[in-house]
Amino acid sequence: MNKLFILVAIFLVFAMIISVPIEVSGFAIANFDTPILTPSQAIYNEPWVGTIVYTYAYSTHTDEFNALLDGKVDFITLTHISEINELKTAPYNKTAFLAVAPQESFGQVVFAFGNNLTSNLYFRYAIASLINPQNVTSYVLDNGVLGVDEPYFVNPSLSVYSQWFNPQVESYYQQYESYNLTRAVMYLEEVPGVTHKNGQWYYNNQPLKLTFYYTYPPETLKRFAYLLSDSAAAINLSITPVSETFGTLITQATTPPFNDFNLTTFGWISLGPFPNSWMNGIYTSPGNVGGFSNSTVDQALQNALNAPTLSQEISYTKEAEYLLQQQEPYVIYTWSNAIQAVYLPGWANYIYLSSGTPTYAINLLDVHPTNQALNGTFIFSSISSDLPRHINIYASVSLYAFNTLDDMYDSLGISPFNNPTQVLPWVASSWTVQKPVTMTLPNGDKIVNGSIITVNLVHNDTWIDGVPLTAYDVNFTVWYYDLPGMMGTNTFDGVTLNYTYLSSEGFINTDLFGTIPSLIWTNVTNPYQIVFYLNSSSYVNEYLVLTEYPIMPAHAIGPVNVVTLYHSTLAPEISSGPYMFSSFNSEAKTVSVTYNPYYFRINPLIFLQNVTEGNPTNFTAKFQYYTWDNSTSSLVPNPVNGTAEMWLMYLNVSGESYGNATMPVPMKMTSPGTYVGTVNTTGLKPGIYEIVSKVTWDNGARELFSYGSLNVTPSKVVTPTTPPPSVTTSSSTTTLEVVAGVVVAIVIIAVVVAVIRRR
């Protein structure tokens with residue numbers, strides 16, 4: 001999964017972990033108040049902002065644009081060239097930051113493969129020959145501002161895809177599919193049933209009149225529809241553009257028997273850095289391409305997913321590209337630009353992904369109110385037609401639903417912004433990969449030249465109800481989302497599912513179903529370790545194992561009937577991520593989340609305290625766990641009545657690696673859910689320590705953590721004759737392992753240091 005993390009950092013909370021942060025002089029997180037960051041400056045911690053509201057209240061992008069200039073929303077997507085140009089000029093460029101980046105996203109003409117006419121290869125070639133890429137780029141895409149017409153199944157202009165592009169595809173396109181009206185006529189005349197008499201076109205002896213459905217808004221799709229219609233008119237072919245809602249259009253295009261339309265258009269977004277992966281997800285599923293099916297393409301893509309080396313993966317993918325260009329399941333007419341604008345006053349740490357992005361040109365990982373942490377309400381706007389049907393970790397498939405769900409649910413690893421083909425540990429603390437492996441599994445399946453991925457999980461990640469997140473949740477998630485070939489009735493982790501029934505009734509999430517086809521078995525070896533067995537040794541499958549699935553809570557989702565769950569607007573929103581569900585208001589068209597104060601990746605420097613060595617210091621933590629109320633579809637906070645303790649970890653102390661600095665000491669509950677402990681700092685070396693407090697209850701079955709940090713200064717200040725050197729960290733990568741925890745840069749009295757925090 002590609003994550004839209006919203007975060008923020010700084011200053012200090014003096015006692016309660018959820019109290020309002022107050023500024024403390026002398027300490028600041030590096031670049032904390034810089035408005036725009038580069039990908040290399042990102043800090044991989046969460047959360048930073050207090051509340052995120054996803055609003056769908058505006059009916060058009062122009063309404064959003066005006067709301068942004070008025071400061072009513074903080075994030076929008078732009079589609080109108082006049083508004084894009086307006087933001088480039090003063091005074092608006094001081095009010096809003098305009099971000100444009102090439103996007104892993106394409107738009108295409110879709111054909112109904114349930115119709116003999118539109119499924120014919122010559123017909124598809126004829127449509128391709130009617131489209132002039134230069135006109136699309138200049139007229140439809142506003143001279144390339146909105147994107148470019150690269151009529152290929154892999155965009156050679158995207159840096160992340162450049163090595164995957166097959167130059168033979170371009171030669172084939174120029175010879176057989178490029179803009180040529182004479183050739184378009186020749187192709188149409190080859191379609192069975194089509195006749196061309198006295199300049200008029202007929203199909204089965206009836207006048208040939210085609211309908212092209214397009215979504216509206218945005219205006220660009222309307223322009224493309226009429227450009228295609230005008231080009232067809234030049235050869236006397238009738239193509240009538242018809243505006244349709246996206247929901248109706250996508251249903252027509254993806255529902256068997258794929259014959260309710262002639263031509264339509266939709267696009268794919270957030271494709272990811274590996275073409276062999278997303279091409280397999282798109283083109284081996286007939287429902288994704290209007291009914292297209294081709295076993296030769298399927299085999300080439302399967303080879304690309306299972307190849308033992310990256311170079312072989314690329315080679316097989318190039319073969320698949322060439323086959324796809326020959327078969328033209330789609331006619332691709334645009335590779336898009338992501339174009340977003342954000343409100344600047346009062347906000348900092350937007351991350352501009354200028355060299356390319358899966359979804360948005362701005363990533364909100366570190367955004368926060370200026371000079372504040374865990375405060376403020378950030379309003380992320382999408383137009384009203386994008387309002388998700390539900391916010392449900394099992395059934396949701398839309399980008400807009402996952403804007404919210406990605407705030408609440410994590411994956412094992414994430415991709416760094418400046419190297420999207422690599423993986424950083426997230427819920428996983430580390431992993432090892434064995435390959436190639438040939439063996440027979442306990443279930444009788446065989447692996448031939450496959451791989452075994454052993455993943456270790458962090459020990460301090462908990463669901464908001466206090467249940468620890470474990471390997472059992474990961475295992476539950478993998479099998480609950482289902483895998484190819486798993487039909488019939490299956491029982492796992494105490495849950496029995498009839499996959500054949502679910503599949504035939506359409507009760508399976510097609511976005512996540514079957515996304516790791518080589519995964520054939522898993523084994524939970526202990527609560528914090530799971531082993532994946534893949535009938536493939538390809539890098540991309542390892543990458544998908546670690547990044548693809550948002551982890552679901554087995555104890556909350558498992559008891560719910562899967563059909564009921566699929567049709568639910570909200571699943572039991574027991575999450576573990578940096579944000580918690582707050583509300584879904586269908587009337588106001590908003591979805592809200594609030595920060596999770598117990599999140600294991602929270603930056604402890606937000607809660608920094610100062611102390612002189614030898615002086616005791618108090619730390620107060622307020623613990624609440626949350627339960628889900630089905631009657632109100634809301635979370636209910638409950639103060640924790642349990643046993644709490646606290647200890648210090650070396651965070652940035654000279655000569656010490658990250659680890660325990662003190663033994664645990666008990667904390668006393670002073671009021672329901674509020675615990676106070678005292679740290680003895682006698683003998684502590686100067687430096688930054690992490691404060692960890694932990695509460696357990698329900699006979700130790702449930703736990704929550706909260707975090708702070710302590711700057712210990714020597715009891716006698718000695719002025720150094722020379723400034724201490726900068727301390728840096730390095731990471732090494734083997735296969736998929738990235739030996740780097742959460743790295744946080746801080747500035748302390750003009751000395752730049754790097755802090756590593758692992759669990």
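Numbering of residues begins at 1 and proceeds along the displayed sequence.
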To the nearest 0.5 Å, what is the distance between CD1 (I606) and CD (Q372)?
12.0 Å

Between the side chains of Y579 and T51, is a donor N or O closer than 3.5 angstrom to an acceptor N or O?
no

Just do the side-chain hydrogen bond (donor to acceptor under 3.5 Å, both in side chains) check on Y44 and N603 with the steps written out, would you?
CA-CA 9 Å; Y44 295 96; N603 191 329; over 6 Å; no

Nearest-0.5 Å distance that lies between atom CE in M580 and atom CG in N596
5.5 Å

Using distance alone, with no hydrogens and no angle criterion, decide if T60 and D63 have a side-chain donor and acceptor under 3.5 Å apart.
yes

Stepwise side-chain hydrogen bond (donor to acceptor under 3.5 Å, both in side chains) test for E83 and T62:
CA-CA 8 Å; E83 295 164 358; T62 296; 2.8 Å; yes

Evaluate the side-chain proximity of L344 to I36: yes if any heavy-atom separation is below 4.5 Å, no if none is.
yes

Straight-line distance of N288 CG to I250 CD1, nearest 0.5 Å
8.5 Å

Please examine the side chains of D410 and F600, heavy atoms only from C-beta on, and report whether any two atoms are closer than 4.5 Å.
yes

Heavy-atom donor-acceptor pair, H390 side chain to S568 backbone, under 3.5 Å:
yes

Main-chain N/O of R601 paired to N45 side chain as donor or acceptor, under 3.5 Å:
yes

Centroid separation under 6.0 Å, is that true for the rings of F246 and F266?
no

Side chain to side chain contact (heavy atoms under 4.5 Å, CB included) between E86 and F65, intermediate numbers included
CA-CA 10 Å; E86 188 173 345; F65 175 76; 3.6 Å; yes

From F584 atom CZ to T569 atom OG1, the distance as rounded to the nearest 0.5 Å
6.5 Å

From F417 atom CZ to T38 atom OG1, the distance as rounded to the nearest 0.5 Å
11.0 Å

Quick one: closest heavy-atom pair of F402 and S396, and the distance?
CE1-O, 3.1 Å

Before you tell me yes or no, could you show the steps for L98 and I339 under side chain to side chain contact (heavy atoms under 4.5 Å, CB included), namely the whole-Å CA-CA distance, both residues' side-chain angles and the distance that decides it to 0.1 Å?
CA-CA 7 Å; L98 173 67; I339 308 174; 4.0 Å; yes

pair P47-L374: side-chain heavy atoms closer than 4.5 Å:
yes

Mind checking the OG-CD1 spacing from S592 to I52? Nearest 0.5 Å is all I need.
9.5 Å

Return yes if some donor-acceptor pair links the side-chain N/O of S231 with the main-chain N/O of L227 below 3.5 Å, else return no.
no

What is the minimum heavy-atom distance between T95 and P345, and which atoms define it?
O-CD, 3.2 Å

Show the numbers, then the answer: is there a ring pair (Phe, Tyr, Trp, His ring centres under 6.0 Å) between W347 and F378?
CA-CA 9 Å; W347 295 99; F378 188 90; 5.1 Å; yes

Quick one: do V73 and I379 satisfy side chain to side chain contact (heavy atoms under 4.5 Å, CB included)? Show the steps, please.
CA-CA 5 Å; V73 299; I379 302 177; 3.8 Å; yes

Heavy-atom closest contact (I131 atom, V136 atom, distance):
CG2-CG2, 3.8 Å

Would I362 and L353 count as a side chain to side chain contact (heavy atoms under 4.5 Å, CB included) if you check the C-alpha gap in whole Å, the side-chain angles of each, and the deciding distance to 0.1 Å?
CA-CA 6 Å; I362 289 283; L353 307 178; over 6 Å; no

Within-4.5 Å side-chain heavy-atom neighbours: M279 and V154
yes

Side chain D33, main chain T370, donor-acceptor under 3.5 Å:
no

Which label fits W278 and Y161: parallel for a plane angle under 30°, tilted from 30 to 60°, or perpendicular past 60°?
tilted

Restricting to non-hydrogen atoms, name the atom on I393 and the atom on L405 that form the minimum distance, rounded to 0.1 Å.
N-CD2, 4.0 Å

Are the side chains of I551 and W463 in touch, meaning some heavy atoms are under 4.5 Å apart?
yes

Closest heavy-atom pair, E104 versus L158, reported as atoms and distance to 0.1 Å, is CA-CD1, 4.0 Å

Could you walk me through whether Y54 and D386 pass side-chain hydrogen bond (donor to acceptor under 3.5 Å, both in side chains), step by step?
CA-CA 11 Å; Y54 294 93; D386 295 328; over 6 Å; no

Establish, from distance only, whether the side-chain atoms of S159 and S162 form a donor-acceptor pair under 3.5 Å.
no

Under the criterion side chain to side chain contact (heavy atoms under 4.5 Å, CB included), which of V53, N403, T55, T404 is the partner of V591?
T404

Determine whether a donor-acceptor pair (N or O, by modelled atom type, separation under 3.5 Å) exists between the side chain of H80 and the backbone of H61.
no

Validation row: I282, W268 side chains within 4.5 angstrom (heavy atoms)
yes

Does any donor atom in the side chain of T359 or Q103 lie under 3.5 Å from an acceptor atom in the other side chain?
no

With a 4.0 Å cut-off on N to O distance, would you call D142 and R223 a salt bridge?
yes

Using the rule given for ring pair (Phe, Tyr, Trp, His ring centres under 6.0 Å), can you reason through F97 versus Y352, listing the C-alpha separation, both sets of side-chain angles and the distance that settles it, and then say yes or no?
CA-CA 10 Å; F97 178 79; Y352 181 22; 5.3 Å; yes

Over all atoms of both residues, closest heavy-atom pair of L68 and Y343:
O-CD1, 3.2 Å

Taking atom types as modelled and ignoring hydrogens, do the side chains of Y409 and E573 form a donor-acceptor contact shorter than 3.5 angstrom?
yes

Carefully, step by step, assess F581 and W628 under the rule ring pair (Phe, Tyr, Trp, His ring centres under 6.0 Å).
CA-CA 10 Å; F581 175 80; W628 182 254; 5.7 Å; yes

Steps toward ring pair (Phe, Tyr, Trp, His ring centres under 6.0 Å) verdict (F380, F75):
CA-CA 5 Å; F380 185 114; F75 181 103; 4.1 Å; yes

If we check side-chain hydrogen bond (donor to acceptor under 3.5 Å, both in side chains) with T265, which of these qualifies: Y213, Y333, Y330?
Y333

Taking N337 for its side chain and V145 for its backbone only, find out whether a donor-acceptor pair lies under 3.5 Å.
yes

Regarding E150 and S157, is there a side-chain donor-to-acceptor distance under 3.5 Å anywhere?
yes

